[in-house]
Amino acid sequence: MTGASRLSRLGMRRRERLFFAATVLPAVSVIGFVIVAPLLISISYSFTDFNLIEGTHAFVGLANYRRLLADPTFYQSLWNTLLLGVSPVVGAFFVGFGQALLLNEAVAGRSLMRGLTLLPWVIPQIVVSFLFLFMYNPSVGVVNVLLRDLGVIHQFVPWLALPATAPPAVAIAYVWTEAPFFMLMLLAGLQTIPPEIVEAAVVDGASWWQRLLHIIVPELRRIIAISTILMVIWNFNNFTIIWPLTEGGPVNATLTFAVWVYRQAFQNFDLGTACTIGVAWLILLLVVTFFYLRVVGGEEPVT
Amino acid sequence: MSACRSLTGFAASLFLIFFAFAAPARAAGCTGKPVHLSFANWASAEAATAKEVQAAIAVFEQANPCVHIDSIAIPYNNVVTQLTVMSVGHNTPDVMQLSSGMPDLLAAQGALADLSPHLTAQFRQDNYPALLQDGQFKGQQVALPFALTPHGFWFNKGLMAKAGLNPAQPPETITALDQAMAAVKAKLPGVYPFGIMDSKAPYTVVVMWPWLQAFCRTTPMSDNHLGWTQPCAEQAFAWFAMLARKGYTPVGNDIKDNRQLFATDKMVFKVDGPYLRGIIASISPQYAANDAFAAAFGAGPVPAGPAGSSRTAIDIHLIAMGAHSAHPEEAWKFLHFMIASPTSVKDFLIPQGTIPPLKSSQAAFAQLLDQPYQKVWVQQIIPEAQPIPYNAKWYQASNFIIDALQAVMNGSPVKATLARLEANLKEVYPDYQP
């Protein structure tokens, strides 16, 4: 190889690197300014007593973390975050799976039904919250009217005002809005299962349940894992449903990390505490994300 | 060359257009330097009051052609957050519409100007001393009463009659109220005797406070004392628990829910401001006319409890000036106009359902304040109103107080709940005594 051609190759490589840098730089800058910098700043605030009302902003070491771990509200909030993060996913999965199985069959009006079942997914969550707020209304809500007419309850129940009923009431709103996502993912998965496998099982005399448990579910295993973990992560971050419905009440029964951070930051203006809760929340999310990455990267598709 | 010339022409046109818009607009009749004042308020954000406040602003601008008011509409629920963020960003508005409690929070951040130098002895006498106190922070007058809206005791006359009660004699004591609620509960199924708000909104504490005042001569949080475990506070919370246990009040309702029930003849008693009259008319148009309203609804002072005479909590609208306003003279002029000018009083304050803050305005526009409920406010409720012990950490404390209220209304033991509340608030106010 001559010196000139080597130089030319080096120049080309430099140009490629420059082109690569120029292409990636805007995205990296945006991520840096919008995600990394605020994250680092938030973590640094968690070691301070930053308070907008008191005007304090001094380094306090681990004091915020010690206070947080000694606060019963932290454990209640952690439990609520897990409860409202996981339980609706179970409900939404079964509803969505049922819908997917139904809409995978050659039923009349299948296209229209597929469109209609997607409706709760496309409605903005804030609208869903207000819909459920009206539905749960303790005086005129349709839930109360329906249950009374069916003889299930004898007097109207303030669903969102009782610590025992508020969490399931909020979880039902989650299920309603999240089931279509599972339907969409699982329906797509169902359509990738080779029909010959199912037909062979039918010929071998496998019942519907046996086909479901031994063929369909194993085939959908990866899609189920990914969509479930994704939904848990989304639920951990959910604010738009809980806040309009309960604002974290009653008596903190629906206080999740998302709501607690908002309260501390924008009602109490205690940014030090808010950032400390935010870091705890981040750690929780990282744990779930770790499992997600294991699932996504763990199995290589068979070729 | 011609392309170059047309480009130059285009750039010059852009330059001229830019400066035509960027240069401060000089209103017709202004001979001095134009001044822009920012006015943060929720009146502009609400359909019911936006037109009226804009009209008042227009009259002020007409009288002061060099002053232009930039109205910043902030929904009521966002006022505290928005103004705090603006204050931290050194961008506090020149003039602000506030509600009770907000001046303490903003003044603690150094966001509000001391208005004392502007106040004449005559202006002070024209105000109610207790209401002026609501705008004071550490000896400074950081806000002034703007619209008077303390809570009174509203009752539905028709429902009272149906329950066998005398609408001409509404309950004047807690004992009489308890008896009236029992009568309503027994005779009117599907009707709530009473409405107390217990949602998570900070306003819950304001609605609760007149009842605390009925039970406690010195309410909790007064004079740097927590006081939540004193017997009168326990009595008050036991009473709240009883309201829920006996089904006298809906649980978990926001004030809007209770207003809806009250306006549609599904609730007999509730405390609320004088503006409830307009809210009822908007929900139930059959009560829009004064006569129809007076025949159906009445108002009186909050029933007196073990603490003695009837008192209510001061919950009013205030107006304040930004500490760093570049135009304090003009800002004061506008602020005073909004409080005292006949335009503001008769075209904005009274139509929005509030009582003007100055005694002289009340006398001058007595014919616009001649409805029975308005007379109750002017003659009985406002003179007896007492301040809520607001402070800079009030909103933080509110969360704990509401938690305690919700807990007892859901059956938690009163004594233990209040002990926990006291302990929680001790962390918020380490220098307060028990």
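Source: prediction; values computed, not measured. Each chain gets a letter, A, B and so on, in the order the sequences are listed, and its residues count up from 1.
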Given a strict heavy-atom distance threshold of 4.5 Å, which part of B:L261 is in contact with chain A: side chain, backbone, both, or neither? side chain
May I ask you to test the A:F269-B:V88 pair for a side-chain heavy-atom distance under 4.5 Å? no
For B:G252 and A:A161, which heavy atoms make the closest approach, and how far apart are they? CA-CB, 3.1 Å
Residue from A:G55, A:A164, A:P163 scoring the most non-hydrogen pairs under 4.5 Å with chain B is A:P163
Could you list the residues that satisfy side-chain contact (heavy atoms from CB on, under 4.5 Å) with A:M135, not counting sequence neighbours? A:F132, A:V142, A:V143
Are there donor-acceptor pairs under 3.5 Å across chain A and chain B? List atom names and distances.
unit_1, atom_1, unit_2, atom_2, d
A:E54, OE2, B:K393, NZ, 3.0
A:A161, O, B:N410, ND2, 3.3
A:V251, N, B:Q406, OE1, 2.8
A:N252, ND2, B:D403, OD2, 3.4
A:F266, O, B:T81, OG1, 3.2

Of all residues at least two apart in sequence or in a different chain, which pass the side-chain contact (heavy atoms from CB on, under 4.5 Å) check with A:W234? A:W121, A:F181, A:L230, A:M231
Review item, side-chain donor-acceptor pairs of residues 31-43 of chain A, under 3.5 Å, at least two apart:
unit_1, atom_1, unit_2, atom_2, d
A:S42, OG, A:P38, O, 2.8

Please look at A:L160 and chain B and tell me whether the side chain, the backbone, both or neither of the residue comes under 4.5 angstrom of a heavy atom of that chain. neither
